[in-house]
Amino acid sequence: AIKRVGSALDPRGYEAVPIASPTALEKAHHYLWRFWTRLPKDGHITIFDRTWYGRVMVERLEGFTPIERCAMAYREINEFERELSQSGVIVIKFWMQIDKDEQLRRFTDRQNTPEKQWKITDEDWRNREKWDLYEAAVDEMIQKTSTEYAPWTIVEGNDKKYARLKVLETVIERIKAELRDRK
């Protein structure tokens, strides 16, 4: 989806930012700091591949962050996104949802196709065993952080073509609506 959105944009006006585990420097700051430092300048677009929601997903389920800090993160995230919106940033959030059978099919395909093996790790298989925990965390995350200024869009991802089109259509419609409202 990121590749499809990016292919329609002038590369001088956007940046795709992949988010991995925080570095030592990033760990020395508030968890949102590493995102603040990567926000787009006026008139530009930043596409985050994973975001601050890691705080209430991976960090929570892996025990990297105390549960009370994860609970506080919902308010912090909503405030962060409200500040972004109030400063003119259009926040568009997608949750790409696939079912457990489709995930298994994709994992198996990656593992058995030499040119796709780089896409699958032991960590992916380990996390698959936590499917039910992740599903509950996703439900809570969406319930607590879908707001008027930064709503979630759930993308039915079993069909990749459908998912990509839904993402593109959502981006176009959200930007149109925001620009119309600002006139």
Side-chain angles (χ1 to χ4, degrees), residues 1-7 15-24 26-27 30-35 38 46-78 80-81 91-147 150-171:
I2 291 171
K3 188 170 151 183
R4 298 314 185 278
V5 171
S7 70
E15 178 182 14
V17 178
I19 299 298
S21 299
T23 65
E26 291 168 341
K27 286 180 182 179
H30 188 277
Y31 73 98
L32 289 172
W33 176 82
R34 68 184 177 143
F35 301 101
R38 293 179 169 122
T46 296
I47 303 171
F48 286 102
D49 184 358
R50 298 190 175 78
T51 64
W52 39 91
Y53 286 96
R55 183 65 153 202
V56 296
M57 297 290 293
V58 176
E59 291 182 31
R60 170 184 166 182
L61 295 177
E62 295 297 330
F64 298 148
T65 301
I67 194 71
E68 60 276 0
R69 288 292 300 138
C70 292
M72 290 173 58
Y74 293 115
R75 179 184 48 78
E76 294 169 340
I77 288 168
N78 286 336
F80 176 56
E81 292 175 349
V91 179
I92 306 174
K93 304 183 300 195
F94 295 100
W95 179 259
M96 308 298 280
Q97 180 66 38
I98 62 172
D99 65 37
K100 202 171 185 177
D101 292 336
E102 179 63 13
Q103 184 191 55
L104 178 60
R105 189 194 68 70
R106 289 182 189 183
F107 279 14
T108 303
D109 182 51
R110 289 171 185 168
Q111 188 169 309
N112 295 331
T113 307
E115 59 272 12
K116 292 183 179 181
Q117 288 175 349
W118 65 272
K119 291 182 169 186
I120 189 80
T121 67
D122 291 340
E123 193 74 6
D124 294 317
W125 290 106
R126 188 182 67 79
N127 287 331
R128 180 175 161 72
E129 294 174 14
K130 298 178 181 184
W131 180 275
D132 293 338
L133 294 172
Y134 272 100
E135 208 166 42
V138 168
D139 289 347
E140 183 178 4
M141 174 190 74
I142 290 170
Q143 178 188 16
K144 291 184 175 181
T145 62
S146 193
T147 61
W152 278 100
T153 298
I154 311 301
V155 179
E156 302 82 351
N158 280 4
D159 179 329
K160 288 183 180 185
K161 184 176 180 181
Y162 171 84
R164 292 168 181 158
L165 287 171
K166 182 169 181 174
V167 167
L168 288 169
E169 289 170 354
T170 301
V171 168

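Sequence positions, counted from 1, serve as the residue numbers for this chain. Side chains are part of it too, since the values below use all heavy atoms of this structure and drop only hydrogens, waters and symmetry mates.
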Inset, instruction - Before giving the answer on side chain to side chain contact (heavy atoms under 4.5 Å, CB included), spell out for Arg38 and Phe48 the whole-Å C-alpha distance, their side-chain angles and the decisive distance to 0.1 Å. - result: CA-CA 9 Å; Arg38 293 179 169 122; Phe48 286 102; 4.0 Å; yes
Inset, instruction - Evaluate the criterion side chain to side chain contact (heavy atoms under 4.5 Å, CB included) for residue pair Met141 and Met57; output intermediate values, then yes/no. - result: CA-CA 8 Å; Met141 174 190 74; Met57 297 290 293; 4.0 Å; yes
Holding to side-chain hydrogen bond (donor to acceptor under 3.5 Å, both in side chains), I want the full list of residues that pass it with [X], two or more places apart in sequence or in another chain.
X	result
Thr51	none
Trp95	Gln97
Lys93	Tyr53, Glu81
Lys130	Glu62

Minimum-distance pair of heavy atoms, taken over all atoms of [X] and [Y]:
X	Y	result
Arg106	Asn158	NH2-O, 3.2 Å
Trp152	Ser146	N-OG, 3.0 Å
Ser7	Arg4	OG-O, 2.8 Å
Met96	Ala1	CE-CB, 4.3 Å

Legend entry - Pairing residues for Glu123 by the salt bridge (charged side-chain N to carboxylate O under 4.0 Å, His left out) criterion, not counting sequence neighbours: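 In terms of salt bridge (charged side-chain N to carboxylate O under 4.0 Å, His left out), with neighbours along the sequence ignored, Glu123 is linked to Arg126.
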Inset, instruction - Just grab all the ring-ring contact (aromatic ring centres under 6.0 Å, His included) pairs involving residues 111-136, residues at least two apart or on different chains. - result: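 Qualifying pairs: Phe107-Trp125.
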Inset, instruction - Decide yes or no on salt bridge (charged side-chain N to carboxylate O under 4.0 Å, His left out) for Lys160 and Glu102, but give the supporting numbers first. - result: CA-CA 11 Å; Lys160 288 183 180 185; Glu102 179 63 13; over 6 Å; no
Inset, instruction - Measure the shortest side-chain to side-chain distance between Arg60 and Ile67 over non-hydrogen atoms and say whether it is less than 4.5 angstrom. - result: yes
